[in-house]
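Excluded from the calculations below are hydrogen atoms, water molecules and symmetry mates; all remaining heavy atoms, backbone and side chain alike, are included. Each chain gets a letter, A, B and so on, in the order the sequences are listed, and its residues count up from 1.
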There are 2 protein chains.
Amino acid sequence: MSDRRREPGQTSLADIAAEAGVSVSTVSRIANGDLGRASAATVEKVQRLIAERGYRPNPVGRSLRGGESRLVAMLAPNLDNPAMAAIAASTEAALRAAGYVMVLCDTHDRPDLQDEYLRAMRSRFAEGFILVSAVASAELEASVKRGEPIVFVNRRNPYGGGAFVGIDNRRAGADAADYLLDCGVRAPAVIHPAELSSTIRERVEGFIDRLRERRPGMAVRRAEGAGANHLDCGYAAALSLIAAGGWPDGVLCPSDLMAYGLFRAARERGGRIPDDCRPVGIDDNDLNAWIAPWLSSVKIPYRAFGERVVACLLALRAGTLDGEVLLGHELIRR
Amino acid sequence: MSDRRREPGQTSLADIAAEAGVSVSTVSRIANGDLGRASAATVEKVQRLIAERGYRPNPVGRSLRGGESRLVAMLAPNLDNPAMAAIAASTEAALRAAGYVMVLCDTHDRPDLQDEYLRAMRSRFAEGFILVSAVASAELEASVKRGEPIVFVNRRNPYGGGAFVGIDNRRAGADAADYLLDCGVRAPAVIHPAELSSTIRERVEGFIDRLRERRPGMAVRRAEGAGANHLDCGYAAALSLIAAGGWPDGVLCPSDLMAYGLFRAARERGGRIPDDCRPVGIDDNDLNAWIAPWLSSVKIPYRAFGERVVACLLALRAGTLDGEVLLGHELIRR
DNA sequence: ACAGTTTAGGCAAACGTTTGCCATGGTCAA
DNA sequence: TTGACCATGGCAAACGTTTGCCTAAACTGT
């Protein structure tokens, strides 16, 4: 199409400059607060026009020029998971407060999509990346090597190092173990997905180690389940658990979604939760307080993640950080 | 900063052109598939270089030039609501399949934020807008007037007209009424937020009209509740309902979140759900199947929304549509 | 041989911004 | 008087693309 319609209502520097009878450079400088480069009269006139016409600098022009894009990309494995939604929402708010716009990309936990979004966002001059539960992928490795500003959330950088925001997963698992023991559980179990991410592995290890520490001889049953998401995984793992040896009296579900899967399995198989089998989750989705009174869970302060993630990103860009931020967690008893 | 670092790994048309010994125009044309404008040898050479260097057109340059940005903005009132997450996820997938990148903006249901994002996205040359549960706002009115491509989802254009994707809310409310009557409910009620959006109003009206139609003399109690979200609204409304006249034996919750609020109120006040008080929701969040076996709900096919929304948007941009798309719903009995 | 057409490809403008550098003209001190 | 310095502001390049127009050279038909 050759009829490039002028976007209506979008005032450009040139428009202001023409009307004020000055050059584009002058307007640009004044718009950017460099007031010492023009006479008071000019400054006043240009500022008035800027206000009247509602001029806002065009971010695309800026980006192209090589300056800032005010764009930050968040890559998350799936928006359906309430935990992801909570992280996304809080990060979006924090970024907006810092003057950034967040682009949210759903990678569906697929390395190829993660790569595609990494490329797409880089070519849009994203000033930073927030990778929630990242998976290993070629483009990510290249980005890490190039030292691009990336904050990893929930799951650590698969290539080591880098900024990280999350919790102490081993401790969370240990706290869950303490809780079950304090409830008098004698035949505990743990369910988990067939492929273990570092996050889940740490939680499970922390759980088991604490059990062994406090009850040296205690047997801990384990079951894994396959599935596209943690709901299905939890369901499958629970079924295989009871098929192998009946219901345990307590079970660690390393994510709330897995606990939901367990709950469904119990309902279908006549297991009574939490009376016969007490689950303990990790996440503590906000919805739990409303509709899952049977689920005690380690609360991860996802709503507080946003601020920390943004602080990390800013520090990263300023070259003043390459550390880890571990937020506190708290077991919610229900 | 004056040291504008050349983005690494980003090949430009100029790079290819220099290496091939041809002009930028020639490379651009070949990259865009206009193969008739160069000799076979040149085409071959340039194509080889494009492949070797992994050249990808820079979307920012393209946007600025006035062409396409491949950017679509979705403005949603909050990411926490599972229904929004479902819509966002399916739309993102459909847009990606169509070659677009979706920017997800959380408006927190605030007109000022909606305006801010509308402006920000327009100045980034967004090619279309998807407004989920839009609120009235000055910038929206202006956008509608200018005829920008906007698809409204869930809630209709507050200024009338425009493309819309949603369900027949009156019928959904009527179906809920049928369900309660079929369950033998004799003292029904409805709870809703203090301020009624068009969506909620239609559902409530459809519900009440159907009750009156089938049981002319039947009294229908109503209670409203205030709160920042539907969970709180539902909770508050339920409390005020029972304070006014005890538990109804059936109650329409015009969104699942309100039903969750009711559930909590019942738990705290000793109401037995669904035995004493049978709720019927609208939405049927995916999680219901797992952890809310007490909730029958009208399933809205949010996962199917994405495709329709994108089809609408494309048609809108092609100038071939200005209609409504109503998807079917189905009451899920639990 | 010559006019006309096709082929192959370059030039330059435009999108909106930022910024280093240059050009006036004036003021001030020695 | 002259050199230095400051105030004011414009020029132009650069970022990466796309595309209308132009120009050669090489064909084609008669």
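Per the geometry, CG belonging to Leu13(B) stands 12 Å off P belonging to dT19(D), to the nearest Å. Arg62(A) has its CZ atom 16 Å from the C1' atom of dA14(D), to the nearest Å. For Phe125(B) and dG16(D), the CZ to C1' distance is 14 Å, given to the nearest whole Å. Look at CG on Leu64(A): it is 9 Å from C1' on dC15(C), rounded to the nearest Å. The CD1 atom of Ile16(B) sits 12 Å away from the P atom of dG16(D) (whole-angstrom rounding). Distance, Asn32(A) CG to dT17(C) P: 10 Å, rounded to whole Å. At whole-Å resolution of the value, CG in Asn58(B) and C1' in dC15(D) are 9 Å apart. Between Asp34(B) atom CG and dT19(D) atom C1' there is a gap of 10 Å when expressed in whole angstrom units.
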Study note, to complete from the structure: In B/S/- notation (B base, S sugar-phosphate only, - none; protein heavy atoms under 4.0 Å), nucleotides 5-11 of chain D written 5' to 3' is ---BBBB

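No side-chain heavy atom of Leu75(A) sits less than 4.5 Å from a side-chain heavy atom of Val132(A).
Ser23(A) and Thr26(A) are linked by a side-chain donor-acceptor pair at a separation below 3.5 angstrom, with hydrogens and angles left out of the test.
For Arg53(B) (side chain) and Thr11(B) (main-chain N/O), no donor-acceptor pair under 3.5 Å exists by modelled atom type.
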**Study point:** Test side-chain hydrogen bond (donor to acceptor under 3.5 Å, both in side chains) applied to Thr199(A) and Asn154(A), step by step
**Key:** CA-CA 7 Å; Thr199(A) 309; Asn154(A) 257 5; over 6 Å; no

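Contact check on Arg156(A) versus Glu324(A) returns a salt bridge, with a Lys/Arg side-chain nitrogen under 4.0 Å from an Asp/Glu carboxylate oxygen. Contact check on Glu116(B) versus Arg96(A) returns no salt bridge, with no Lys/Arg side-chain nitrogen under 4.0 Å from an Asp/Glu carboxylate oxygen.
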